[in-house]
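As structure tokens, the structure follows; a few thoughts come after it.
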Amino acid sequence: MKKVFLLVAVVGLFVGCVEKGKLLPNASGTAFEVLVVIDDNDWKNPCGKAVSDMLNTDVPNLPQAEPMFKISHVPHANFDSYLRPARNLIIVSISPEKYTQAKVVYSEERWAKTQAIVSLNAPTQAELTALVEKEQENIIRYFVEKERERFANYLKKKHNSNKTKKAYEKFGIEINVPSDMCQIKEGKNFLWFTNASPKNRQDIVIYSYPYTSEDMFTLDRLVETRDSVLKENVPGPEKDSYMGTETYYEKPVLNEFLHNEAYCAEVRGLWKIYNGSLMGGPFVSLSRLDEIHQRIVTIEGFVFAPGKDKRNYIRQLEAAIYSAKMPQEIKKIVEKKKKKKANSLIEKKENGTIL
């Protein structure tokens, strides 16, 4: 009788988890792949073209044109249980009976873990087209951030703990360095990690310098500092050659925003070797203020993969550098944990569960 009761309890628990959506399959598909669920008639009309053009937008600051996403599409009638776990979904629904106005809805994990879904609903094709044109930047940002989250979560589980420890010892920051970055070079206020791959090389550099004024976060000052640091620490293959920023053919771009509720300056652009071989590729850097030590900490990722698409490589590095926590953030986390532990002890004492 006890065994029967135990079996019933386990089955009840299993069913409960399924109902709550906890026992979902892993999302299927590759990074930056989007499945568009849209009927053929709509796909062939301007509203479908608007969706396709949005997803085919070029990734900024790459040496050659690469689309934001890889696209596939399927009619609603063929959107079965095999396709529903796709990692990135856009579901287009056009119906004057169902909708009175065009609307975009963001959701997650409906059919799979880590799944990202954008539902585009409108009464007419024309209104759907206008909706996509209005919201395309937000839609692209949503999928890009979800891909970044996925790789960041992967790095939490699989990263190079020795290199992560080295970054903390030298700069007081926490960053999940990719596990394949096994080589390191150290300089004054400078660290350089690399996977040293001859085919798809990925590198991360970290450097710091004193903060004196807000002007240090302008694009010109950030690039000037970058070139100075890299000239000293990142030599090219030939004598007197060194890495620097490409500013003639494509100028770097500065994006300013709040990251973890604090100011962040992101610079994207291309690097090249000066006085040497024709080598180059994309880079992305984040510069933030270390409030405790009053210094700027810059974390940069760059890629060298001649003849290959570079979108996914640079996006992976983005996830790594965005994972970094400044000393003041680490301090807040530690203080929060201490406070939570103290409150828990107080609660247990009040409830009489500890003496």
Side-chain angles (χ1 to χ4, degrees), residues 29-34 53-72 87-88 137 140-141 143-152 154-155 159-160 175-183 192-206 222-223 226-227 230 234 236-237 241-255 266-274 276-287 298-324:
T30 58
F32 295 95
E33 182 178 43
V34 178
D53 289 347
M54 171 183 67
L55 298 175
N56 274 315
T57 302
D58 287 343
V59 178
N61 305 109
L62 292 184
Q64 68 278 329
E66 294 182 44
M68 281 282 186
F69 305 98
K70 179 182 177 182
I71 311 169
S72 56
R87 65 193 289 137
N88 300 311
E137 289 186 10
I140 289 172
R141 186 183 305 113
F143 284 128
V144 169
E145 288 179 353
K146 288 304 174 184
E147 288 289 6
R148 184 185 298 155
E149 286 178 14
R150 292 182 185 110
F151 195 70
Y154 171 81
L155 286 176
H159 59 270
N160 193 316
I175 177 172
N176 294 321
V177 180
S179 58
D180 62 345
M181 290 194 174
C182 298
Q183 295 190 26
W192 178 8
F193 304 117
T194 180
N195 64 4
S197 171
K199 295 182 179 179
N200 52 326
R201 178 164 174 159
Q202 293 173 292
D203 297 61
I204 290 177
V205 295
I206 308 172
L222 289 169
V223 171
R226 176 184 190 271
D227 286 345
L230 297 186
V234 185
S241 64
Y242 59 91
M243 175 184 280
T245 307
E246 172 61 69
T247 58
Y248 183 77
Y249 292 102
E250 182 169 350
K251 295 185 180 299
V253 176
L254 171 65
N255 299 304
E266 177 196 78
V267 178
R268 293 179 181 273
L270 302 178
W271 63 270
K272 70 176 184 178
I273 294 297
Y274 283 85
S277 302
L278 292 175
M279 297 174 63
F283 77 86
V284 56
S285 73
L286 296 183
S287 295
T298 296
I299 309 172
E300 173 181 317
F302 59 88
V303 171
F304 180 62
K308 292 189 175 184
D309 289 341
K310 300 165 182 64
R311 178 193 63 196
N312 287 9
Y313 296 136
I314 198 69
R315 293 299 195 194
Q316 289 171 356
L317 292 176
E318 281 178 32
I321 64 180
Y322 268 89
S323 76

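Values in this document were obtained by computation on a predicted structure and should not be read as measured data. These values consider heavy atoms only, across backbone and side chains, with no hydrogens, waters or symmetry-generated copies. Start at 1 with the first residue, then count along the sequence.
Annotation: side chain of L155 is in contact with side chain of P178 (closest heavy-atom distance under 4.5 Å). Contact annotation: the side chain of V267 approaches that of F283 to within less than 4.5 Å [non-hydrogen atoms, C-beta and beyond]. When side chains are defined from C-beta on, N312 counts as touching F32, because their heavy atoms get closer than 4.5 Å. At a threshold of 4.5 Å between non-hydrogen side-chain atoms, the residues T247 and Y249 do not count as touching.
Looking at R87 and E147, a side-chain N of the basic residue comes within less than 4.0 Å of a carboxylate O on the acidic one, giving a salt bridge. Under 4.0 Å is where a charged nitrogen must lie from a carboxylate oxygen, and between R268 and E318 at least one such pair does.
Here the straight-line distance linking atom OG of S277 with atom NZ of K272 works out to 13.5 Å at 0.5 Å rounding.
Side-chain atoms of R226 and S285 include no donor-acceptor pair closer than 3.5 Å. Side-chain contact check for Q64 and D309: no donor-acceptor pair (N or O, by modelled atom type) lies under 3.5 Å. Side chain to side chain, E33 and N88 fail the donor-acceptor criterion of an N or O pair below 3.5 Å. When only modelled atom types and interatomic distance are considered, N160 and S179 share no side-chain donor-acceptor pair under 3.5 Å.
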Quick one, R150 with E145, criterion salt bridge (charged side-chain N to carboxylate O under 4.0 Å, His left out). Give me CA distance, side-chain angles, the key distance, then yes/no.
CA-CA 9 Å; R150 292 182 185 110; E145 288 179 353; over 6 Å; no
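Aromatic ring pairs are classed by plane angle as parallel below 30°, tilted from 30° to 60° and perpendicular above 60°; the pair F69 and F143 is perpendicular.
Under the 6.0 Å distance and 45° angle rule, R148 counts as a cation-pi partner of Y322.
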